[in-house]
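The structure under discussion appears below in the form of structure tokens.
Excluded from the calculations below are hydrogen atoms, water molecules and symmetry mates; all remaining heavy atoms, backbone and side chain alike, are included. Values in this document were obtained by computation on a predicted structure and should not be read as measured data. Below, chain A is the first sequence line, B the second, and so on; all start at residue 1.
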Amino acid sequence: MPRATSDARLLIQSLSKAYAATPTNLKIIDLYVVFAVATALIQVAYMGLVGTFPFNSFLSGVLSCIGTAVLAVCLRIQVNKDNKEFKDLPPERAFADFVLCNLVLHLVIMNFLG
Amino acid sequence: MATTALEFLPAPLRSLRLKTKQQELLLRVSTLALIYVLAFIVRLFSVLRYESMIHEFDPYFNYRTTLFLTEHGYSEFWNWFDFESWYPLGRVVGGTLFPGLMVTAAILYRFLRALSFAVHIREVCVLTAPFFAANTTLVAYAFGREIWDSGAGLVAAALIAICPGYISRSVAGSYDNEGVAIFALLLTFYLFVRAVNTGSLAWSLASAFGYFYMVSAWGGYVFIINLVPLYVLVLLVTGRYSQRLYVAYNCMYVLGMLLAMQIRFVGFQHVQSGEHMAAMGVFFLLQACISVSNASPAVCLISAIAASATMKNLTTLIRTKTKSPQAASGKTTGSKAAAKGAVDQSLPFQQNAAIALLLGAFYMLSRYAIHCTWVTSEAYSSPSIVLAARGHNGGRVIFDDYREAYYWLRQNTPPDAKIMSWWDYGYQITAMGNRTVIVDNNTWNNTHIATVGRAMSSYEDEAYEIMQSLDVNYVLVVFGGVTGYSSDDINKFLWMVRIGGGVFPVIKEPDYLVNGEYRVDKGAAPKMLNCLMYKLCYYRFGELTTEYGKPPGYDRVRGVEIGNKDIKLEYLEEAFTTSNWIVRIYKCTLLRLHRLSTLYLVPPARNARLEVAIALG
């Protein structure tokens, strides 16, 4: 038993050490993704309490969170310097695309909210 | 090399002294322009032969809604409740159609009007499909160039321009969803493939908008929402996962799904219906695959690539002959040169074979083009609402009876008249006759259609009570016995009996059959000879001689002399019969008092009629 807990502690320590090495901008994006997913989970829990009516409002709330999370993950992929697939893409362009997609996402959400 | 190529050009072009790259660009652009024009003009046969009009049945509904949109604006259109069809139920039009086609035509109309072209909306509607077919060739070119090269793109564009399957759904006059939907389909696929190739969020956004246009245009959008995930799945299975794929699909799925749910007719289907679950499944699968490391062609695209690659190889083969003497004499140790020399010596007739194959390919493609044009001209350019036949002297005879009847309705009936007919003609009656109908092609309410079917299959008095309950003023039937037109109501009668009998057990199909078949001659069942449809179709037909050498009352479609020639109508009177007897319209007269006793349906809506009848005695 003690070996298992010490192994787990070692694993967590090595993971957090590796993660601490990532650049700050990526860590900010990761935090944003965690925030978005947490907000989505809170909304789903609330829906479990009060029911699905009105369904379009529930969907637009949850999908706006999932949508921003997905777009943030895409941004992280494109901005990460370790990704060879995107080394030709300037990070400014990636961010501009991110902003544009978020704009469209939130406009549609506002229309769908009801 | 450049000078020898220039010798083949005509004199005026030679003076331009274009470089090879510019020559190639000129060739490409001019070919594409010709293909664009070809795609448009090959769809214009029916406009040249008949006139610029809307074909068939469903396009009339689309035309009527587009007309409403241009006259009343977008907000009214989106919230439109139609009182003129499915009387007395009405129809929620705004929430039960795909608005893409109507909005596209309305935008084109406004654009042309803004440029001071005083076009009528009908002309815009007639030519929308050929215009979008021409645009589809451009998308096909871009798509072919994206996945192979510009040669394949040109061949793909050419094939799509004359492909008979596509032409049949997009001729001038066929104002239906597929006309713009196929353009949207190809555009969405192209944009998605481009997004996967570049990994750019902007292209994914564009493909999401393409998908939104597709959803707004056609119910067949389900095809895309299943094919794109399938494509992604195939890429995953063949080990071609890449982060660009992740970015492209995720962005397109989330944004596309949200945009699609803005169309009321689609509603929440993207998260509820089983048909859309594959896309969601692949979405979740991709989240799992994100750390793992590293294409929707229509038949036209695959064959385009095959054709283009084959022709390229053949032409290269022809051209190597001129280069090979130099390579062989070079005495190099490179394996390529040795191979070329070896090939050169072993097959001396290779160049001739290549030329023969190229000529054969050219012949096949030109025969294909001729075939497509012929098929379009013969089979796909019929407007269906105007019929044509050959007279005995070979000249063309036109039957314009449908429009004659609808215009008669428009001009000779009160504006609030209700017309009862079989559902096939509903859209055309509301669009051209501008009158309220009981049932139409939307066929959303089977019981209502069964009520009409029951009325048509009952005896005249029972039918009249049903017509009273529905406030029917006129009845319209289609009859082909004089002209030999076989898509008439007598041939459709078995469906009226079956559908009516399916809801109202009082209609029994065996009552109309003799030895299991429907007959209209002397040996027919008595219920058949006296039902409303029979009476309305064959009223006064017994006196008419239709064919030389045959007795009067000879039905040219069924090929028999009719059984009941002495037809008398009690509750209806003949209002109008078209010049070739194809469409016949009857008017409902006042209810006789002594027939009031058995009303086993909803009581008549107009009690005033009862009082008038009582007053008249």
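- Residues B:Asn250 and A:Val73 form no side-chain contact, since every pair of their non-hydrogen atoms from C-beta on lies 4.5 Å or further apart.
- Of the two parts of B:Phe209, only the side chain, counted from C-beta on, holds a non-hydrogen atom closer than 4.5 Å to a non-hydrogen atom of chain A.
- Using a 4.5 Å cut-off on side-chain heavy atoms (C-beta onward), A:Ser60 and B:Met261 make no contact.
- B:Phe265 CZ: more than 12 foreign heavy atoms inside a 6.0 Å radius.
- Heavy atoms closer than 4.5 Å to chain A are found in the side chain of B:Phe283, but not in its backbone.
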Taking it one step at a time, do A:Cys74 and B:Gln243 satisfy side chain to side chain contact (heavy atoms under 4.5 Å, CB included)? CA-CA 9 Å; A:Cys74 294; B:Gln243 285 166 330; over 6 Å; no
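- Counting heavy-atom neighbours within 6.0 Å of B:Trp86 CH2, excluding the residue itself, gives a total above 12.
- The contact between B:Leu258 and chain A is made by backbone and side chain atoms together, counting heavy-atom distances below 4.5 Å.
- In A:Tyr19, the OH atom is crowded: over 12 heavy atoms of neighbouring residues, nucleotides or ligands sit closer than 6.0 Å.
- Counting non-hydrogen atoms of neighbouring residues, nucleotides and ligands closer than 6.0 angstrom, the OH atom of A:Tyr46 reaches no more than 12 such neighbours.
- For a residue to count as touching a neighbouring chain, one of its non-hydrogen atoms must lie under 4.5 Å from one of that chain's; by this rule A:Leu59 touches chain B with the side chain only.
- Panel note: side chain A:Gln78, backbone B:Gly199; a donor-acceptor pair is recorded below 3.5 Å.
- No other option in A:Asp88, A:Ile66, A:Asn111 has as many heavy-atom pairs under 4.5 Å with chain B as A:Asn111.
- Within the 4.5 angstrom heavy-atom criterion, atoms from both the backbone and the side chain of A:Val108 approach chain B.
- A:Leu71 is listed as a side-chain neighbour of B:Cys251, based on a closest heavy-atom distance under 4.5 Å.
- Surrounding NZ of A:Lys81 are at most 12 heavy atoms belonging to other residues, nucleotides or ligands under 6.0 Å away.
- Here the closest non-hydrogen pair linking A:Phe86 and B:Thr198 is CE2-O, 4.3 Å.
- Residues A:Phe55 and B:Val271 have side chains in contact (heavy-atom distance under 4.5 Å, counting atoms from C-beta outward).
- At a threshold of 4.5 Å between non-hydrogen side-chain atoms, the residues A:Leu100 and B:Leu201 do not count as touching.
- Taking CG of B:Leu259 as the reference point, atom CZ of A:Phe112 lies at 10.5 Å (rounded to 0.5 Å).
- Heavy atoms of A:Ile109 lying under 4.5 Å from chain B belong exclusively to its side chain.
- In A:Phe95, the CZ atom is not crowded: 12 or fewer heavy atoms of neighbouring residues, nucleotides or ligands sit closer than 6.0 Å.
- More than 12 heavy atoms of other residues, nucleotides or ligands shown are found within 6.0 angstrom of CZ on B:Phe81.
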